[in-house]
Each structure stands twice: as structure tokens, then as C-alpha cells.
Amino acid sequence: MNKVSLNEIKKIELELLALLDKICRENDIEYSLGGGSLLGSVRHKGFIPWDDDIDVMLTRKNYDKLIKILSCQDEAELWHYSIKETFQPYAKLCHKQTYQAKAGFDFLWQKIGVNIDIFPMDAMPSKEDARVQFMHEAQHRAEILYSTSFPAFVSGSKWYYSLARLFLRGPKFLKYHGKNRQVAKDVDEFMAKYQSDVNANQIGFLASRYFDKEHFPIEIFETYEEAQFEDLSVRKIVDHDSYLRQIHGDYMQLPPENQRINHDYVTFYWKED
């Protein structure tokens with residue numbers, strides 16, 4: 001097997017981002033770099049030096065519009081529950097000529113290529129107690145979705161994480177396996193529950209690894225601007241400060257070395273002709 005190098009991974013991800021940017025501009029869809037990619041753009045003008053992935057985020061209306069368009073193009077592969085089984089409550093745009101293997105599960109893992117993540121940003125209730133309850137219910141439902149797919153539900157960066165997830169998610173897998181598409185659809189529709197609520201004043205990705213930190217004033221997703229990411233000019237929210245400070249605090253300060261997380265437990269290979 002021919003392994004995809006780190007430099008090749010980053011090059012492919014930039015190509016996928018350029019494709020997404022082109023499609024969004026051609027179809028009047030606003031998007032923003034998100035998560036570590038937004039932080040990387042602001043602090044490093046590209047990838048965070050120890051990281052190797054790209055995240056983008058869109059309001060639910062723009063997300064749904066983009067998913068429909070991406071499902072009809074053939075330059076890259078869209079991973080979304082409307083097309084195929086997936087265990088994550090967001091979409092991925094994937095390179096067709098590579099595939100992924102995770103430590104310990106190389107012989108089982110689905111052949112998903114080098115990819116970028118596409119997150120829906122959903123409206124939330126204005127009252128804090130209602131918002132927290134809504135977020136926790138969404139995260140619970142997302143946990144069920146993760147549990148529908150094997151070996152996905154036991155995957156982890158360490159073997160003992162996998163063992164713990166086997167016991168924690170095993171009962172959910174027994175209950176929900178074979179129901180992936182319906183569970184994914186239910187989760188997606190639940191997350192969009194407040195889409196039409198004019199009183200909802202918070203927004204965020206409801207199944208975020210940042211948990212309750214993932215809520216922002218909805219107005220910061222109303223204005224966008226150009227942003228540098230490596231050699232690309234892409235899009236970001238103007239008020240990146242509110243977003244990044246909510247999650248990271250003093251985001252311009254580099255974290256301690258033991259908190260610099262990468263994805264080296266994932267390996268990509270080139271597909272053989």
C-alpha cells in the first residue's frame with residue numbers, strides 16, 4: 001500500500017477547499033472557515049502547524065443548499081446520510097483516489113478518502129436553560145448515530161478509548177444497527193428544529209466536541225469577508241473574535257505542547273488502479 005504523505009494530505013485538502021469555495025461563490029452561498037481552520041487562518045494564515053485538517057461551517061439554509069449542489073457534482077465524493085451510510089451528523093467532501101485506515105481497524109474501516117469537514121450551524125433557543133437542554137438532547141442523539149456503525153462506534157486514537165466505547169456504545173449498537181439512515185435523518189431534522197424561530201438568538205454546531213461552549217450570537221453569521229488560508233483566498237465570518245474567544249479564550253496564545261492535538265492516528269493510502 002502506498003501511504004499518502006502529510007504534505008500530500010494538506011495539498012489535497014486545499015484542493016477540496018478550493019473546489020468548495022468555487023461552488024459556493026458560483027451559487028451565492030456564504031460559508032466560513034470553522035474550528036481550528038478559522039483559528040489557523042487568523043493566527044497562522046493557514047494550517048495550525050501541528051494540525052492537518054480543514055473545517056468549514058455554514059448556516060443551516062446555506063448548508064442544505066450546498067449539500068444539494070455537492071450531491072450532483074463528480075469532482076469529489078460527498079459523504080452525507082442522504083447519499084450513503086454515515087455515522088456523523090455533518091458532511092464530508094472527500095478525495096476519490098485515497099482511502100482512510102484507522103489504527104487497529106484497517107481491515108474494517110470504510111474507504112473514505114482525504115476529506116474536509118462541512119458543519120451545519122443551527123439556531124438555538126434564546127433562553128439559556130432551553131438552549132442547554134436542546135444541545136444536550138442533540139448530543140445524545142448524535143451519540144446514538146455514532147453507535148449505529150461498526151467499527152465506527154468503537155474507533156479512537158488510543159486502544160483503551162476503543163475498549164471503553166465498545167462497552168458504552170455496544171448496547172446502542174445492538175438497538176440501532178441497521179437503522180443508520182433513519183437515525184441520521186432524525187438527528188439532522190432535530191438539529192434544525194429552531195431554523196424558523198425568529199426568537200432564536202444563538203447558533204452553533206450542536207454535536208460539537210466543544211459541547212456547551214459551542215454557542216454564539218446568531219448575528220456573527222450575517223457578515224463575511226475574505227480570508228487567507230495558505231495560498232487560497234477563502235471566506236470567514238467578520239467577527240471571528242467572538243467565535244474564537246468563546247471556544248479558546250486567548251486564542252492568539254499558543255497552547256502548551258502537550259495540548260497540541262493532531263490526527264496522526266489516521267492513515268491515508270492511495271487507491272490502487
* To do: Go through Leu20 and Leu66 one step at a time and tell me if the side chain to side chain contact (heavy atoms under 4.5 Å, CB included) criterion holds.
  => CA-CA 9 Å; Leu20 182 144; Leu66 178 61; 4.0 Å; yes
Those residues at least two apart in sequence (or on a different chain) that pass side chain to side chain contact (heavy atoms under 4.5 Å, CB included) with Lys84 are Glu77, Trp79, Arg181
Scanning both residues in full, the closest heavy-atom pair of Ala200 with Ile218 reads O-CD1, 3.8 Å
### Query
Any sub-3.5 Å donor-acceptor pair from Lys65's side-chain atoms to Asn27's backbone N or O?
yes
Check: So do the side chains of Thr267 and Lys3 get within less than 4.5 Å of each other, counting heavy atoms only?
Finding: yes
Review point. Within a radius of less than 6.0 Å around NZ of Lys96, do more than 12 heavy atoms belonging to other residues, nucleotides or ligands occur?
Key: yes
The side-chain contact (heavy atoms from CB on, under 4.5 Å) partner of Val56 among Asp117, Leu93, Leu16, Leu17 is Leu17
For Ser82 and Ile67, the nearest pair of non-hydrogen atoms, with its separation, is OG-CG2, 4.5 Å
- Answer whether the closest heavy-atom distance between the side chains of Glu13 and Val114 falls below 4.5 Å. yes
Taken to the nearest 0.5 Å, the spacing of Lys61 NZ from Thr59 OG1 works out to 8.0 Å
Would a single hydrophobic cluster contain both Tyr251 and Phe211, if residues Ile, Leu, Val, Met, Phe, Trp and Tyr are joined by side-chain heavy-atom contacts under 4.5 Å? no
Discussion item. Any side-chain to backbone donor/acceptor pair from Ser147 onto Glu143? Under 3.5 Å, distance only.
Written reply: yes
| task | Begin with the C-alpha distance, continue with both residues' side-chain angles, and end with the deciding distance and a verdict on side chain to side chain contact (heavy atoms under 4.5 Å, CB included) for Lys22 and Glu26. | result | CA-CA 6 Å; Lys22 176 175 178 290; Glu26 290 176 349; 3.0 Å; yes
**Asked** salt bridge (Lys or Arg N to Asp or Glu O under 4.0 Å) between Lys193 and Asp188: does it pass, once the steps are laid out?
**Response** CA-CA 9 Å; Lys193 179 179 179 180; Asp188 198 54; over 6 Å; no
Side-chain donor-acceptor pair present, Tyr31, Asp21, cut-off under 3.5 Å
yes
Checklist line | Check: Phe268 ring centroid to Tyr99 ring centroid under 6.0 Å | finding: no
| query | Given side chains that start at C-beta, do those of Val238 and Ile220 come closer than 4.5 Å, heavy atoms only? | reply | no
Exactly one of Phe205, Phe221, Tyr210 clears ring pair (Phe, Tyr, Trp, His ring centres under 6.0 Å) with Phe119, and that residue is Phe205
Smallest heavy-atom separation, Ile48 atom then Gly40 atom, equals CG1-CA, 3.8 Å
Please report, to 0.1 Å, the donor-acceptor pairs under 3.5 Å made by any side chain of residues 225-235, with sequence neighbours excluded.
{"from": "Glu225", "atom 1": "OE2", "to": "Lys236", "atom 2": "NZ", "distance (Å)": "2.4"}
{"from": "Glu226", "atom 1": "OE1", "to": "Arg25", "atom 2": "NH2", "distance (Å)": "2.9"}
{"from": "Glu226", "atom 1": "OE1", "to": "Ser233", "atom 2": "OG", "distance (Å)": "2.6"}
{"from": "Glu226", "atom 1": "OE2", "to": "Arg25", "atom 2": "NH1", "distance (Å)": "3.1"}
{"from": "Glu226", "atom 1": "OE2", "to": "Arg25", "atom 2": "NH2", "distance (Å)": "3.3"}
{"from": "Glu226", "atom 1": "OE2", "to": "Arg235", "atom 2": "NH1", "distance (Å)": "2.8"}
{"from": "Gln228", "atom 1": "NE2", "to": "Glu230", "atom 2": "O", "distance (Å)": "3.4"}
{"from": "Glu230", "atom 1": "OE2", "to": "Phe47", "atom 2": "N", "distance (Å)": "2.8"}
{"from": "Arg235", "atom 1": "NE", "to": "Glu30", "atom 2": "OE1", "distance (Å)": "3.2"}
{"from": "Arg235", "atom 1": "NH2", "to": "Glu30", "atom 2": "OE2", "distance (Å)": "2.6"}

*asked:* With a 6.0 Å cut-off (strictly less than), is the heavy-atom count around CD of Gln73, excluding the residue itself, greater than 12?
replied: yes
When rounded to the nearest 0.5 Å, the distance separating OG of Ser208 from CD of Gln139 is 7.5 Å
- Message: Between Lys68 and Asp64, does any side-chain N to carboxylate O distance fall below 4.0 Å?
- Response: no
Mind checking whether Tyr90 and Asp55 have side chains closer than 4.5 Å, heavy atoms only?
-> no
Value for CG (Asp212) from CE (Met135), rounded to nearest 0.5 Å, stands at 5.0 Å
Around atom CD of Glu219, are there more than 12 heavy atoms from other residues, nucleotides or ligands closer than 6.0 Å? yes
Spell out, as yes or no, whether a donor-acceptor pair under 3.5 Å connects the side chain of Gln246 to the backbone of Lys213. yes
For Arg60 and Asp122 the tightest heavy-atom approach is NE-OD1, 2.8 Å
To the nearest 0.5 Å, atom CZ of Arg43 lies from atom NZ of Lys45 at 12.5 Å
Separation between CD (Glu15) and NZ (Lys11), nearest 0.5 Å, reads 4.0 Å
(message) Is any side-chain heavy atom of Tyr146 closer than 4.5 Å to one of Pro89?
(response) yes
Q. Are Ile83 and Tyr63 in one and the same hydrophobic cluster, where Ile, Leu, Val, Met, Phe, Trp and Tyr link if side-chain heavy atoms are under 4.5 Å apart?
A. yes
task: Using a 4.5 Å cut-off on heavy atoms from C-beta on, say whether the side chain of Phe216 contacts that of Ser242.
output: no
When every non-hydrogen atom of Pro125 is compared with those of Asn201, the smallest separation belongs to O-OD1, 4.2 Å
Donor-acceptor pair between Asn199 and Tyr194 side chains, under 3.5 angstrom:
no
Discussion item. Are Val42 and Leu14 linked, directly or through intermediate hydrophobic residues, by side-chain heavy-atom contacts shorter than 4.5 Å (ILVMFWY only)?
Written reply: yes
Same cluster (ILVMFWY, side-chain, under 4.5 Å), Val132 and Met124: no
Taking the side chain as every heavy atom from C-beta outward, state whether Leu145 and Gln88 have any pair of such atoms under 4.5 Å apart. no
| task | Could you tell me whether the side chain of Asn115 and the main chain of Gly113 form a donor-acceptor pair under 3.5 Å? | result | yes
Heavy-atom closest pair (Gly35 atom, Leu244 atom, distance to 0.1 Å) is O-CD2, 4.3 Å
If we count only N and O atoms by modelled type, under 3.5 Å, do the side chains of Asp129 and Gln133 hold a donor and an acceptor together? no
N/O donor-acceptor pair under 3.5 Å between Gln182 side chain and Lys179 backbone | no
Check the pair Phe87, Val183 against side chain to side chain contact (heavy atoms under 4.5 Å, CB included), reporting the backbone distance first and the verdict last. CA-CA 9 Å; Phe87 58 91; Val183 171; over 6 Å; no
With sequence neighbours left out, the residues meeting side chain to side chain contact (heavy atoms under 4.5 Å, CB included) with Arg141 are Glu137, Val187, Phe190
Next item on the list: For Leu70 and Ile23, run side chain to side chain contact (heavy atoms under 4.5 Å, CB included): C-alpha distance rounded to whole Å, both residues' side-chain angles, the deciding distance at 0.1 Å, then the answer.
Entry: CA-CA 8 Å; Leu70 290 178; Ile23 290 172; 3.6 Å; yes
- Query: With distance as the sole test, does Thr148 use its side chain to make a donor-acceptor pair with the main-chain N or O of Asn180 at under 3.5 Å?
  - Reply: no
Rounded to the nearest 0.5 Å, the CD atom of Gln195 sits from the CD1 atom of Ile203 at a distance of 8.0 Å
- Item | Single-linkage hydrophobic cluster, 4.5 Å side-chain cutoff, Trp50 and Leu33 together | yes
Checklist entry - Short question: side chain of Asp52, backbone of Lys10 - any donor-acceptor pair under 3.5 Å? => result no
